[in-house]
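Bear in mind the structure is a predicted one, so any value in this text is a computation, not a measurement. Each chain gets a letter, A, B and so on, in the order its sequence line appears, and its residues count up from 1.
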There are 2 protein chains.
Amino acid sequence: MESSQQGSSRKRLLDVSARLFRELGFHATSMRDIARAAGMRPASIYHHFDSKEAILRELMWGFLVELLSSARDAAARAHDARGRLGAIMRTHIRLHATKATLAFVADTELRALQGAAQQEILMLRDRYEELLQDVLRHGVEEGTMHLGDVKLASYQLLAMGTGVVFWWRPEGRLSLEAVVDQYVEAALRMCGIAT
Amino acid sequence: MESSQQGSSRKRLLDVSARLFRELGFHATSMRDIARAAGMRPASIYHHFDSKEAILRELMWGFLVELLSSARDAAARAHDARGRLGAIMRTHIRLHATKATLAFVADTELRALQGAAQQEILMLRDRYEELLQDVLRHGVEEGTMHLGDVKLASYQLLAMGTGVVFWWRPEGRLSLEAVVDQYVEAALRMCGIAT
DNA sequence: CAATTAACCTAACGATCGTTCGGCAGGGAG
DNA sequence: CTCCCTGCCGAACGATCGTTAGGTTAATTG
């Protein structure tokens, strides 16, 4: 039927591309760099992807879809606004920490996508922001949260949370769980919820 | 003595470079792009700068020096940890909002600098982080602030604050003062200070 | 006046870029 | 066996890159 190596080169290309895009940036990474790191020749990449941009597109799209669905699932399991905020933040930090390479690329290289591809990604990001903003709005209406502008607060929360990709390393001083907890607590405090 | 146009081309080059670096990214901006936007030929840029990287270096260095000195001044005018935290955050948001183009480039293009130039910038950033961490440490020791890990908290505060460059526009819905206030309040809440 | 210098130019350098073309090996299908 | 498809390759395409060499102009200086 199909080779046991099915898709292994493709996956390796995605892996090394993500790593190089993070280390050097999309535009500073050449197809020759990617080919070398994946153990093949530049021309061979085009058997798996239409273009360099298509690689970036798939990386970013994959991460954002996972981020969005994880957040939806987590929020659905909680019963009130406070629980949903905590669940979303917990998922956000976890995913950004454990998939830091992908998260970094997704958060940094939006400019490198063109036209429709960029719009697709922006749509996913907007839906993600709205998910959080809905929770915050409910919290304010319930009276459990106290904030000024809801959109502004969502930008504050997301910028803070996304920042974990810039410094956390699994082999570092702080464990993932400790880090996640402090981020969740910071989020709750920011929204005027005592812990 | 000296021409009234002294340095005007140089300044214009820095301005258009910052704008292009923000819009397209450093590596996606060519010297020809910069020259066209500044109204001169590519070769003429080299009368004012040694290289494309030298332009980025000057942009980033200039912004970080101003950021650091502004924060020091602001912190020195306050009398306790809480006041110093508020002053630093206020300055941080103000500067990132009013000089969003420079701030964006300084926060995004560190990878594009090489070797010693990158180290110089990292040193400035480290000093800035330490300034904030000292304030947080004092606040915890005084008992006015309640946080887990101080370094982690500083990363949270800075990531949150820096995020203002990604969305705020002067012609937008929220005034600079309203935005600054909400960021400062968020920072104080995050550190366990009731307002 | 002559000499110098700042500011800019045209033209081109070698390098590298993303991508394409045509082909080759090899395993499964008919 | 033949045919075809997958995966990869060498070689090269035209374009663009950062940068430089060498010159022109106009203003300043001694």
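OP1 or OP2 of D:dG7 sits under 4.0 Å from a side-chain N or O of A:H47. For B:S9, a side-chain nitrogen or oxygen approaches OP1 or OP2 of C:dC8 to under 4.0 Å.
Atom P of nucleotide C:dC8 and atom CZ of B:R10 are separated by 12 Å, given to the nearest angstrom. Across the protein-nucleic acid pair, B:I45 atom CD1 and C:dA7 atom C1' stand 13 Å apart, rounded to whole Å. Atom CZ in A:F49 sits roughly 14 Å away from atom C1' in D:dG7 (whole-Å rounding). The nearest whole Å value for the distance from the CD1 atom in B:I55 to the C1' atom in D:dG18 is 11 Å. Computed from coordinates, the B:D50 CG to D:dT20 P distance equals 9 Å when rounded to whole Å.
For the pair A:K99 and A:F63, the cation does not sit on the ring face, since its NZ or CZ is not both under 6.0 Å from the ring centre and inside 45° of the axis.
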Tabulated below should be each protein N or O lying under 3.5 Å from an N or O of nucleotides 10-17 of chain C; please produce it.
{"from": "C:dT10", "atom 1": "OP2", "to": "B:R41", "atom 2": "NE", "distance (Å)": "3.4"}

Could you walk me through whether A:R36 and A:M31 pass the side chain to side chain contact (heavy atoms under 4.5 Å, CB included) check?
-> CA-CA 9 Å; A:R36 195 181 313 116; A:M31 292 299 258; over 6 Å; no
Show the numbers, then the answer: is there a salt bridge (Lys or Arg N to Asp or Glu O under 4.0 Å) between A:R137 and A:E130?
-> CA-CA 10 Å; A:R137 207 157 7 241; A:E130 283 162 18; over 6 Å; no
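Screening residues 140-152 of chain B for salt bridge (Lys or Arg N to Asp or Glu O under 4.0 Å), with sequence neighbours left out, gives A:R173-B:D149.
When the side chain to side chain contact (heavy atoms under 4.5 Å, CB included) test is applied to A:A75, the partners found at least two apart in sequence or on another chain are A:R84, A:I88.
Heavy-atom minimum distance, B:T91 versus B:A71: CG2-N, 4.1 Å.
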